[in-house]
> 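Here it is: the structure, laid out below.
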There are 2 protein chains.
Amino acid sequence: MAESTGESDAAMELEVWCAGEDWCPVTTTSSLIGKKWHPVIIHRLLEHGPSGFNELKDDVDGISSKVLSESLEDLGEKQLVRRTVVSEKPYRVEYSLTTHGESLEPVIYAMRDWGLEHLTEPTDENDANG
Amino acid sequence: MAESTGESDAAMELEVWCAGEDWCPVTTTSSLIGKKWHPVIIHRLLEHGPSGFNELKDDVDGISSKVLSESLEDLGEKQLVRRTVVSEKPYRVEYSLTTHGESLEPVIYAMRDWGLEHLTEPTDENDANG
DNA sequence: CTGAATCCTAAAGGATACTG
DNA sequence: CAGTATCCTTTAGGATTCAG
């Protein structure tokens, strides 16, 4: 517990992975954020700032607590998200982006912008296919 | 066969998905390209232009033919990649980005740039933790 | 060359219930 | 509020083989 209290995230090296021999920044970046919920979680933390667990769960519509918990743990290991206990009684926790996490802003916003430009929001009126 | 010859990809709507009620461009974008190999494949097609199957397989270091084949099929269904038979004898195929696929350039390059800036290429010399 | 078929394992994700 | 634990299903991914 209290695994986050001592880190200086800005200076830490991130874990990297790459298939094969060639080092590839695209591959490694996508190995960090290429999970189903990671981009959304980061996006919500970018938009709403530090959030509690259920607050985040509410923002990330559709995620289960188990998956959110695992995702946050993974993002924590990758040093993109920090967990802080802000109050013991009542027990309150805050998730926020590390410096590395914040630096993903251009990536996340590029995804958002692309989505806004190229994807059409499905509407109830046009889901009938005729 | 020749399933690609009639499409006008620029005008087509892309399939979208979003968990829960809220429409979210980040979620849907990541549902399109948030597979392990999709960003790399798109990146290679951006960099090298139209490529044959094995050419691409060679560029995407570490991928198996099965996974590459499935990824390309998926990217094709999502209308990001186009498949063209350029020669019947000898049999030659070319994969290239559709207009939608090309439009992902900012996203892919954002990922690449982030990787270049924030990830350190692992070297054989420094893997000892001293 | 292009890629489909098969088999297999590991990982991701979801529903639900329960705990401090 | 903030999660864990359990169970289960689906999917992704990898190795290998085979075929047009």
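Atoms considered below: every heavy atom in the structure, side chains included; atoms not considered: hydrogens, waters and symmetry mates. We name chains A, B, ... by the order of the sequence lines, and we start the count at 1 in each one.
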> Identify the heavy atoms of A:Val86 and A:Val93 that sit nearest to each other, and give their distance.
CG2-N, 4.1 Å
> C:dT2, OP1 or OP2 - any side-chain N/O from B:Arg83 closer than 4.0 Å?
no
> Using atom CH2 of A:Trp37 as one end and atom C1' of C:dA12 as the other, report the distance to the nearest whole Å.
12 Å
> Nearest whole Å is fine: how far is D:dT10 P from B:Asp74 CG?
19 Å
> So what is the end-to-end bend of the helix from C:dC1-D:dG20 to C:dG20-D:dC1, with 5 pairs used at each end and the value given to 10 degrees?
50°
> Can a donor-acceptor pair be found, under 3.5 Å and without considering hydrogens, that links the side chain of B:Arg83 to the backbone of B:Tyr95?
no
> Could you pull out the closest heavy-atom pair between A:Ser31 and A:Thr28, with the gap in Å?
OG-O, 2.7 Å
> Taking only residues two or more places apart in sequence or in another chain, which ones pass salt bridge (Lys or Arg N to Asp or Glu O under 4.0 Å) with A:Glu70?
A:Lys66
> Report the residues that fulfil side chain to side chain contact (heavy atoms under 4.5 Å, CB included) with B:Pro50, sequence neighbours left out, ordered by chain and then residue number.
B:Glu94, B:Ser96
> Determine all donor-acceptor pairs shorter than 3.5 Å in which one atom belongs to a side chain in residues 38-47 of chain A; sequence neighbours excluded.
{"unit_1": "A:His38", "atom_1": "ND1", "unit_2": "A:Leu32", "atom_2": "O", "d": "3.3"}
{"unit_1": "A:His38", "atom_1": "NE2", "unit_2": "A:Asp74", "atom_2": "OD2", "d": "3.4"}
{"unit_1": "A:Arg44", "atom_1": "NE", "unit_2": "A:Asp59", "atom_2": "O", "d": "3.2"}
{"unit_1": "A:Glu47", "atom_1": "OE2", "unit_2": "A:Tyr109", "atom_2": "OH", "d": "2.7"}

> Report the distance from atom NZ of B:Lys36 to atom C1' of D:dT11, rounded to the nearest whole Å.
13 Å
> Please determine, for the side chain of A:Asn54, which listed nucleotide (C:dT2, C:dA12, D:dC1) has the closest atom?
D:dC1
> Can any side-chain N or O of B:Ser51 pair as donor or acceptor with the backbone N or O of B:Gly49 at less than 3.5 Å?
yes
> To the nearest Å, give me how far apart CD (A:Glu70) and P (D:dA5) are.
11 Å
> Measure the distance from CD1 on B:Ile41 to P on D:dG13 and round it to the nearest whole Å.
10 Å
> Measure the distance from NZ on A:Lys89 to C1' on D:dC1 and round it to the nearest whole Å.
13 Å
> Treating primed atoms plus P, OP1 and OP2 as sugar-phosphate and everything else as base, which nucleotides of nucleotides 15-20 of chain D get B, S or - for protein heavy atoms under 4.0 Å?
B-----
> B:Ser103 versus B:Thr99: any side-chain heavy-atom pair under 4.5 Å?
no
> List in chain and number order the residues that pass side chain to side chain contact (heavy atoms under 4.5 Å, CB included) with A:Ser65, two or more places apart in sequence or in another chain; answer none if no residue qualifies.
A:Phe53, A:Lys57
> Rounded to whole Å, how long is the line connecting atom CD1 of B:Ile63 with atom P of D:dG14?
8 Å
> How close or far is atom C1' of D:dT4 from atom NZ of A:Lys57, stated in whole angstroms?
14 Å
> Counting side-chain heavy atoms from C-beta on, which of C:dG14, D:dG14, C:dC1 comes nearest to A:Val67?
C:dG14
